[in-house]
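Have a look at the structure below before the remarks.
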There are 2 protein chains.
Amino acid sequence: MSITRILVADPLEVLAVGLSSWLADAPELNVIGHAATGQAVLERLAKEPVDLILMEVSLPEQDGIDTMREVHRRHPKVKVLAYSSLTDIEYVNSMLIEGASGYLVKDASQAEVITAIRTVMCDKPYLSPAARESTLRGYDYTEKRMDGEYIGLTEREREIIRLVALERTNDEIAKALFISVDTVKTHRKHLMTKLNVRSLAGLVRYARDRNWI
Amino acid sequence: MSITRILVADPLEVLAVGLSSWLADAPELNVIGHAATGQAVLERLAKEPVDLILMEVSLPEQDGIDTMREVHRRHPKVKVLAYSSLTDIEYVNSMLIEGASGYLVKDASQAEVITAIRTVMCDKPYLSPAARESTLRGYDYTEKRMDGEYIGLTEREREIIRLVALERTNDEIAKALFISVDTVKTHRKHLMTKLNVRSLAGLVRYARDRNWI
DNA sequence: CCCACAATACCCACTAGAGGGTATTTTTCG
DNA sequence: CGAAAAATACCCTCTAGTGGGTATTGTGGG
């Protein structure tokens, strides 16, 4: 049996240490490093072989979803197992659509972590119960995006949602970006439709979860 | 030198494992257990001696701030070192006012963790740089709560802020709680004043950070 | 070359929220 | 018991946000 080289992509180094300690019980699973940001993940991949990445969704700077997309594009053979406390369908679907082999919820036990990694390394998908339940339940407020009908946010929309979540009014955002208030409103409408939320509150939660604020 | 018995209060067991691994390098510091909820912390304290608790602010069910208050009331001799990724002044001040001996930011290195624990065990306060900076900068939108003028939220206010953050409208909240819309508005006003925020967005972030939603 | 999409901007109408009060009753706590 | 705090509810005004359109321009991909 060959050794699986694992990179832990998580803001906290101490978490990688914990995983490393847990995986010491699985001789073929080897934590070879820790990357705190999406950028660090890509740099690491460029200069060292990696078999599997345990990837947090809420990475700082470039988050896990964006990093997932880049990793999949540049290194299609590297497996990625999403690893996060978030279980909302938005994040589970996003990661899977961007190429993740599975979604492991962060409060998993040592046994589940090992099982999940082994499952994924056998080319089988792995979803923690909470993540699976989330995908079965579907979206909350609309029927627009069943299953995989995934719509990413544009750069401009990300700028807007960040400012919205930081308590800026439409007027302030318009002035800051040198655009009309109406344009800001249009972006907000698109955001709310895409993210299946009813109000500002949903936008704020999304931005917070993805660690954009 | 006597042994320091440390309880790690954090939703993730794997984090406690990581800390335990790090503290293996400090012979007198000993992780004796892990508690995932505030309730579990109190149960543990009731039946086993503990010298220091590393406490996450965002514990599920009963969060770190509330647990801090209870621990301090029931076991005033147990030291608590707050341990969280959150650096906003609201959380730092809340924990310190409720009796924490320090505030350690979660991306701290192994060396800083050990230093922080040793500092606190010598009866000296410890604040990570980011936490100290936050307290020096002060509050964002008003001057109402300088320094320690800390105002806790009432039970009713917590119910309201949760529902608000879950995208419920004032009208829906009123119906759910069998009270008038005006009352809901009054609670919202109080919340916004207490938490120094300008809009719904600030309330949502607060509720999310404290793991109430 | 065309199509799709992103970003821009405007229309209209309506609702919800923010911000300022005051006031009553009940509960809690010293 | 008496004071303070909490929960309740109303007044008024104004702004901000939601929800439905339509439309133009530029850009990138097939």
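Proteins get letters first, then strands, A, B, ... in listed order; numbering begins at 1 in each.
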Go through the steps for Ser180(B) and Asp182(B) under the test side chain to side chain donor-acceptor pair (under 3.5 Å), then give the verdict.
-> CA-CA 5 Å; Ser180(B) 147; Asp182(B) 298 294; 3.2 Å; yes
Rounded to whole Å, how long is the line connecting atom [atom1] of [X] with atom [atom2] of [N]?
| X | N | atom1 | atom2 | result |
| --- | --- | --- | --- | --- |
| Lys175(A) | dT8(C) | NZ | C1' | 17 Å |
| Glu167(A) | dT15(D) | CD | C1' | 16 Å |
| Leu200(A) | dG17(C) | CG | P | 10 Å |
| Ile179(B) | dC10(D) | CD1 | C1' | 14 Å |
| Asp182(A) | dT22(D) | CG | P | 16 Å |
| Glu155(B) | dT27(C) | CD | P | 16 Å |
| Leu203(B) | dA16(C) | CG | C1' | 14 Å |
| Glu159(A) | dA6(C) | CD | C1' | 13 Å |

Out of dA9(D), dG21(D), dA18(C), which has the shortest distance to the side chain of Met192(B)?
-> dA18(C)
Could you please name the option among dT18(D), dA9(D), dG17(D) that lies closest to any side-chain atom of Thr169(A)?
-> dG17(D)
Taking for each residue the nucleotide of DNA chain C with the nearest heavy atom, is it Ala201(B) or Thr186(B) whose nucleotide lies nearer the 5' end?
-> Ala201(B)
Parallel, tilted or perpendicular, as decided by the 30° and 60° cut-offs, for the rings of Tyr206(B) and Trp212(B) | perpendicular
Kindly list each side-chain donor-acceptor pair under 3.5 angstrom involving residues 76-83 of chain A, sequence neighbours excluded, with atom names and distances?
residue, atom, partner, partner atom, Å
Lys79(A), NZ, Asp123(A), OD1, 2.6

Have a look at the helix from dC1(C)-dG30(D) to dG30(C)-dC1(D) and give the angle its two end axes make, five pairs each, rounded to 10 degrees.
-> 70°
Any [X] side-chain N or O less than 4.0 Å from OP1/OP2 of [N]:
| X | N | value |
| --- | --- | --- |
| Arg188(A) | dT18(D) | yes |
| Ser180(B) | dC10(D) | yes |
| His187(A) | dT8(C) | yes |
| Arg156(B) | dT8(D) | yes |
| Thr183(B) | dA9(D) | yes |
| Thr154(A) | dA7(C) | yes |

Nearest-nucleotide wise, let me know which of Glu157(B) and Val181(B) is further upstream toward the 5' end of DNA chain D.
-> Glu157(B)
Determine, for Glu70(A) against Arg73(A), whether the closest basic-nitrogen to carboxylate-oxygen distance falls under 4.0 angstrom.
-> yes
Can you tell me if Thr183(A) uses its side chain to pair, donor with acceptor, with the backbone of Ala174(A) under 3.5 Å?
-> no
Can you name the residues that form a salt bridge (charged side-chain N to carboxylate O under 4.0 Å, His left out) with Arg162(A), not counting sequence neighbours?
-> none
So what does Asn170(A) touch, heavy atoms closer than 4.0 Å: a base, only the sugar-phosphate, or nothing?
-> sugar-phosphate
Contact check, side chains of Leu166(B) and Arg205(A), non-hydrogen atoms, under 4.5 Å = yes
Stepwise side chain to side chain contact (heavy atoms under 4.5 Å, CB included) check, Glu157(B) with Leu195(B) | CA-CA 11 Å; Glu157(B) 286 166 347; Leu195(B) 300 178; over 6 Å; no
